[in-house]
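So the structure is just underneath, and the comments pick up after that.
Below, each value reflects all heavy atoms present in this structure, side chains not excepted, and no hydrogens, waters or symmetry copies. Given the structure is predicted, the values throughout are model-derived calculations rather than measurements.
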Amino acid sequence: MMNRKNSSRGRQADRNSNPQGKKNFKRDFRKPKSTPKPAEKENTGVRLNKFISNSGICSRREADTYIEHGSVSVNGKLVTEMGYKVQPTDEVRFDGTLISMEQKRYVLLNKPKNYITTMEDDRGRKTVMELVQNATKERIYPVGRLDRNTTGLLLFTNDGELAKKLTHPKHNVRKLYHASLDKKLSLADLEKLRGDVIIEGRKVFIDAVSYVEGERKTEVGIEIHSGRNRIVRKIFEHFGYHVVKLDRVIFAGLTKKNLPRGRWRELTNQEINTLQML
């Protein structure tokens, strides 16, 4: 039978005979440390979709689609990676055209009659862009549309994200119109407008409608958040009325106060902050 004392000494001797071996054992099987990524490159730069949106071309979501379809290159190389970050020295091209991040601009116009809401017109008609051409050096775009004969508030911006928000029905952006009709609106039809109204097979969300206080019953205020083309005119035509004049007096909380017809002004910081919180 082996002596316990001797056996213990033997084991101790074995352990002390190769201390370096014990150290090697731990190092060989220890999980290797991963090489840290350079923090500076990881944390700097702007995501490519945000860069495109800030350039005034489109919203971030739309930018993702353009990136995916190969419309964007950085430093001469096609980029289709969604999370790619643009560095300050990078050269970004959209469909071959060099783009850069712009300062956000917000311009409010009191649109007059006989101007169409488009960037340009091949038929030579007057466009709203002519009225704001000197408002800013950045390229701005109208948010939504007002038809040629409709007057009132029209917002312009190069903020693609905000423009997308203001034109989407789910955000319930308030639009209040003053409609002048060719005949008095009957009380019965006024009540119908306060119910379910179906235009072209789709329900129209009329938030409020009433006679304009102190005016004849041909003058009606109607509040909607639908963005469908010529929808206010179609609503009244559905009940047998023709809209003689249509004026948008409130848009997303913005009003025409101190803004004459055909003139524009830049939004205040407070107005911009309010819009971005919608």
Can you tell me if [X] has over 12 outside heavy atoms packed within less than 6.0 Å of its [atom1]?
{"X": "Arg202", "atom1": "CZ", "value": "no"}
{"X": "Lys256", "atom1": "NZ", "value": "yes"}
{"X": "Arg228", "atom1": "CZ", "value": "yes"}
{"X": "Gln270", "atom1": "CD", "value": "no"}
{"X": "Arg263", "atom1": "CZ", "value": "no"}
{"X": "Lys245", "atom1": "NZ", "value": "no"}
{"X": "Glu213", "atom1": "CD", "value": "no"}
{"X": "Lys165", "atom1": "NZ", "value": "yes"}

Do you know the tightest heavy-atom contact between [X] and [Y]?
{"X": "Asp90", "Y": "Gln87", "result": "OD2-N, 2.8 Å"}
{"X": "Ile99", "Y": "Ser55", "result": "CD1-OG, 4.0 Å"}
{"X": "Leu131", "Y": "Gly262", "result": "CD2-O, 4.4 Å"}
{"X": "Met82", "Y": "Arg47", "result": "O-NH2, 3.6 Å"}
{"X": "Arg61", "Y": "Glu161", "result": "N-OE2, 4.0 Å"}
{"X": "Asn158", "Y": "Arg139", "result": "CB-O, 3.4 Å"}

Subject >> Electrostatic pair Asp189-Lys192, nearest N-O below 4.0 angstrom >> reply: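 Here Asp189 pairs with Lys192 in a salt bridge, since their nearest N and O are under 4.0 Å apart.
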
Subject >> Presence of salt bridge, Arg216 and Glu219, under 4.0 angstrom >> reply: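 Salt bridge between Glu219 and Arg216, a charged N being under 4.0 Å from a carboxylate O: no.
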
**OP:** Only one of Thr157, Thr268, Asp159, Asn269 passes side chain to side chain donor-acceptor pair (under 3.5 Å) with Tyr106; say which it is.
**Re:**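 The residue from Thr157, Thr268, Asp159, Asn269 that satisfies side chain to side chain donor-acceptor pair (under 3.5 Å) with Tyr106 turns out to be Asp159.
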
Can you tell me how far [atom2] of [Y] sits from [atom1] of [X], rounded to the nearest 0.5 angstrom?
{"X": "Lys113", "Y": "Lys126", "atom1": "NZ", "atom2": "NZ", "result": "11.5 Å"}
{"X": "Asn172", "Y": "Ile224", "atom1": "CG", "atom2": "CD1", "result": "12.0 Å"}
{"X": "Ile235", "Y": "Ile206", "atom1": "CD1", "atom2": "CD1", "result": "4.0 Å"}
{"X": "Ile222", "Y": "Leu193", "atom1": "CD1", "atom2": "CG", "result": "6.0 Å"}
{"X": "Ile116", "Y": "Thr150", "atom1": "CD1", "atom2": "OG1", "result": "13.0 Å"}
{"X": "Asp207", "Y": "Glu223", "atom1": "CG", "atom2": "CD", "result": "5.0 Å"}

Validation row: [X], [Y] side chains within 4.5 angstrom (heavy atoms):
{"X": "Arg233", "Y": "Asn149", "result": "yes"}
{"X": "Tyr241", "Y": "Thr218", "result": "no"}
{"X": "Ile52", "Y": "Tyr66", "result": "no"}
{"X": "Leu155", "Y": "Leu267", "result": "yes"}
{"X": "Val243", "Y": "Leu181", "result": "yes"}
{"X": "Glu62", "Y": "Thr65", "result": "no"}
{"X": "Arg93", "Y": "Leu98", "result": "yes"}
{"X": "Val92", "Y": "Leu48", "result": "yes"}

If only atom types and distance count, is the side chain of [X] paired as donor or acceptor with the main-chain N or O of [Y] below 3.5 Å?
{"X": "Asn49", "Y": "Asp64", "value": "no"}
{"X": "Ser180", "Y": "Val244", "value": "no"}
{"X": "Asn75", "Y": "Glu91", "value": "yes"}
{"X": "His168", "Y": "Lys164", "value": "no"}
{"X": "Arg248", "Y": "Leu153", "value": "yes"}
{"X": "Arg60", "Y": "Ser53", "value": "no"}

Subject >> Exercise: do Arg125 and Thr118 side chains pair donor with acceptor under 3.5 Å >> reply: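 Absent: no donor and acceptor within the cut-off.
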
Original post:
Can a donor-acceptor pair be found between the side chains of Thr136 and Glu138 at a distance below 3.5 Å?
Top reply: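 Yes, side-chain donor-acceptor contact under 3.5 Å.
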
May I ask whether [X] and [Y] are part of the same hydrophobic cluster, defined by side-chain heavy atoms of I, L, V, M, F, W, Y residues being less than 4.5 angstrom apart, directly or through others?
{"X": "Leu162", "Y": "Tyr141", "value": "no"}
{"X": "Val173", "Y": "Leu275", "value": "yes"}
{"X": "Ile140", "Y": "Leu109", "value": "yes"}
{"X": "Val209", "Y": "Ile231", "value": "yes"}
{"X": "Leu154", "Y": "Val132", "value": "yes"}

Original post:
After noting the C-alpha distance and the side-chain angles of Glu191 and Arg194, does the key distance pass the salt bridge (charged side-chain N to carboxylate O under 4.0 Å, His left out) rule?
Top reply: CA-CA 5 Å; Glu191 292 303 317; Arg194 290 170 174 165; 2.9 Å; yes

Original post:
Who are the ring pair (Phe, Tyr, Trp, His ring centres under 6.0 Å) partners of Phe205, not counting sequence neighbours?
Top reply: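 In terms of ring pair (Phe, Tyr, Trp, His ring centres under 6.0 Å), with neighbours along the sequence ignored, Phe205 is linked to His225.
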
Original post:
Given Lys111 and Thr151, is the side chain to side chain contact (heavy atoms under 4.5 Å, CB included) satisfied, shown in steps?
Top reply: CA-CA 5 Å; Lys111 176 188 172 297; Thr151 60; 5.6 Å; no

**OP:** Show your reasoning for whether side chain to side chain contact (heavy atoms under 4.5 Å, CB included) applies to Val220 and Phe236.
**Re:** CA-CA 10 Å; Val220 181; Phe236 287 106; 4.0 Å; yes

**OP:** Start with the C-alpha distance between Leu185 and Lys217, add both sets of side-chain angles, then the distance that settles side chain to side chain contact (heavy atoms under 4.5 Å, CB included), and finish with yes or no.
**Re:** CA-CA 6 Å; Leu185 177 68; Lys217 291 187 177 179; 5.6 Å; no

Original post:
Under the side chain to side chain contact (heavy atoms under 4.5 Å, CB included) criterion, do Thr127 and Met119 qualify, and how do the steps go?
Top reply: CA-CA 7 Å; Thr127 76; Met119 298 299 292; over 6 Å; no

